[in-house]
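For reference, the structure discussed in these notes is given below.
First listed ligand is number 1; within each ligand, the first listed atom is number 1. Model, not experiment: these values are computed from the prediction.
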Amino acid sequence: MDSPSFSFELFPPRTPESAAKLPAVIRQLAAVRPNYFSVTHGACGSGQDGTYETILSVVEHAGIEAVPHLTCVGSTRANIAAHLDRYREAGVKRIVALRGDLPATAMSAAAPGEFHYANELVTFIRETHGGYFTIEVAAYPEMHPQAPNPSADFDNFRRKVEAGADGALTQLFYNADVYFDFMDRCAKAGIGIPVVPGIMPITGYANAVRFCTGCGADLPRWIRLRLEELQNDKAALFEFGLGVVTRLCETLLRNGAPGLHFYTINQAEATMRLWKNLALSVSA
Ligand SMILES: Cc1cc2nc3c(=O)[nH]c(=O)nc-3n(C[C@H](O)[C@H](O)[C@H](O)COP(=O)(O)OP(=O)(O)OC[C@H]3O[C@@H](n4cnc5c(N)ncnc54)[C@H](O)[C@@H]3O)c2cc1C
């Protein structure tokens, strides 16, 4: 088995203050030498240029592989082709290929523009760049919120694999069994690409509820109740969240997860504490 992959996700800073803080965050996170940093990409225009700038910042401050997310909702082939060329020129070798969230006004599940679903984007990248890019796609162990049922959503995941995805990163979840169930379904379907769990540290009651509601992930009742009770004691809530997420990561790694992808939300502390708790090594 390949050695596990550990990656840290960033988003392009939205204010001058957060832009000023980002280099220090990247330096702190880079100290443990993750396999790569990925940078999100706003769907439908928001923050799209920020992805490229943040990628350059990662390269400058960390010297670690920088991986852009690329969303295709509302986009044209020409526009996606230009993004791919620019990334290739900047030395990017891996892409997280996504549809992106639909605009709130969307009338149908298919995205507007020349690409409707992420499998079409994967096909386009393969058609235009062959095997040059390593392509990661999104996986939803608890089902994508717009899918009609789990089997249809799984079939759609399979389309992305068949189109040429090399690996997948999951949506956040707090119940390890949903990941193992998803991996069982992959094994039965003959899907062997690495599916790396997406890990969201818990740092607050309101944001944990909001993140889970937004992406359709189950926040187990006992965790929600404990967070609600601790919401006015920031330090105690932080320690409780660390304990919950450390145990989740331990369970996943002990049972064969091929790595972890941390949603850092541009903050180093929670991810670094998890890293320490998990006693993950610092690669050379
Ligand atoms: C690891 C990770 C990173 C992310 N990064 C970003 C980011 O940087 N920017 C951002 O805006 N969002 C990001 N997202 C959120 C993501 O864009 C949304 O979840 C979006 O709604 C779906 O994107 P997708 O690539 O999974 O879409 P798809 O795989 O295209 O799936 C979208 C929906 O359509 C259905 N579907 C898929 N293919 C077909 C088909 N061929 N026919 C019919 N139905 C189909 C699926 O079942 C699903 O319900 C990320 C999510 C994850 C898990």
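- Leu56 and Ala90 make their closest contact through CD2-CB, 4.5 Å (heavy atoms, listed as atom of the first residue, atom of the second, distance).
- Residue Ala118 places at least one N or O, backbone or side chain, under 3.5 Å from an N or O of ligand 1.
- Note: Tyr36 and His261 have tilted aromatic rings, judged against thresholds of 30 and 60 degrees for the angle between ring planes.
- Using a non-hydrogen distance threshold of 4.0 Å, Phe157 does not register as a contact of ligand 1.
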*After noting the C-alpha distance and the side-chain angles of Arg185 and Asp181, does the key distance pass the salt bridge (Lys or Arg N to Asp or Glu O under 4.0 Å) rule?*
CA-CA 6 Å; Arg185 287 190 279 156; Asp181 173 65; 3.3 Å; yes
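- Looking at ligand 1, you won't find any N or O of Thr71 less than 3.5 Å from one of its N or O atoms.
- Here Arg159 has side-chain heavy atoms under 4.0 Å from ligand 1, and that is the only part of it that gets that close.
- One option in His144, Glu9, Met143 has a heavy atom closer to atom 49 (O) of ligand 1 than any other, and that option is His144.
- Close approach of ligand 1 to Ala147 is summarised as follows: ligand atoms under 4.0 Å from at least one heavy atom of the residue are 47 (O), 49 (O).
- Cation-pi geometry between Arg77 and Phe115 is satisfied (NZ or CZ under 6.0 Å from the ring centre, within 45° of the ring normal).
- Connectivity analysis of hydrophobic side chains (ILVMFWY, heavy atoms under 4.5 Å, direct or indirect) links Leu225 to nothing; its cluster partners are none.
- In terms of polar-atom proximity, Leu98 is not counted as a contact of ligand 1, lacking any N or O under 3.5 Å from an N or O of the ligand.
- The shortest N or O to N or O distance between Tyr263 and ligand 1 is not under 3.5 Å.
- No N or O atom of His116 sits closer than 3.5 Å to an N or O atom of ligand 1.
- A cation-pi arrangement, defined by a distance under 6.0 Å to the six-membered ring centre and an angle within 45 degrees of its axis, is present between Arg226 and Phe240.
- Classification of Lys188 and Asp184 as a salt-bridged pair fails, no side-chain N sitting under 4.0 Å from a carboxylate O.
- Classification of the Trp275-Phe262 ring pair by plane angle, with boundaries at 30° and 60°, yields tilted.
- In this structure, Asp85 does not pair ionically with Arg88, as no charged nitrogen and carboxylate oxygen lie closer than 4.0 Å.
- Within the 4.0 Å heavy-atom cutoff, Val96 does not count among the residues contacting ligand 1.
- Scanning Val196, Asn149, Asp153 for the heavy atom closest to atom 47 (O) of ligand 1 points to Asp153.
- For ligand 1, the atoms closer than 4.0 angstrom to any heavy atom of Ala138 are 26 (O), 52 (C), 53 (C).
- Looking only at side-chain heavy atoms (C-beta outward), Ile199 and Cys249 come within less than 4.5 Å of each other.
- Proximity to Leu169 (heavy-atom distance under 4.0 Å) selects the following atoms of ligand 1: 1 (C).
- Identified under the salt bridge (Lys or Arg N to Asp or Glu O under 4.0 Å) test for residues 120-138, with sequence neighbours left out: Arg94-Glu136, Arg126-Asp166.
- Residue His69 holds the heavy atom nearest to atom 5 (N) of ligand 1 of all those in His69, Gln146, His41.
- At least one N or O atom of Tyr140, backbone or side chain, sits closer than 3.5 Å to an N or O atom of ligand 1.
- The proximity of Glu120 to ligand 1, defined as any non-hydrogen pair under 4.0 Å, does not occur for either the backbone or the side chain.
- The N/O atoms of Gln171, backbone and side chain alike, include none that comes under 3.5 Å of an N/O atom in ligand 1.
- Considering backbone and side-chain atoms together, Asn119 places an N or O closer than 3.5 Å to an N or O of ligand 1.
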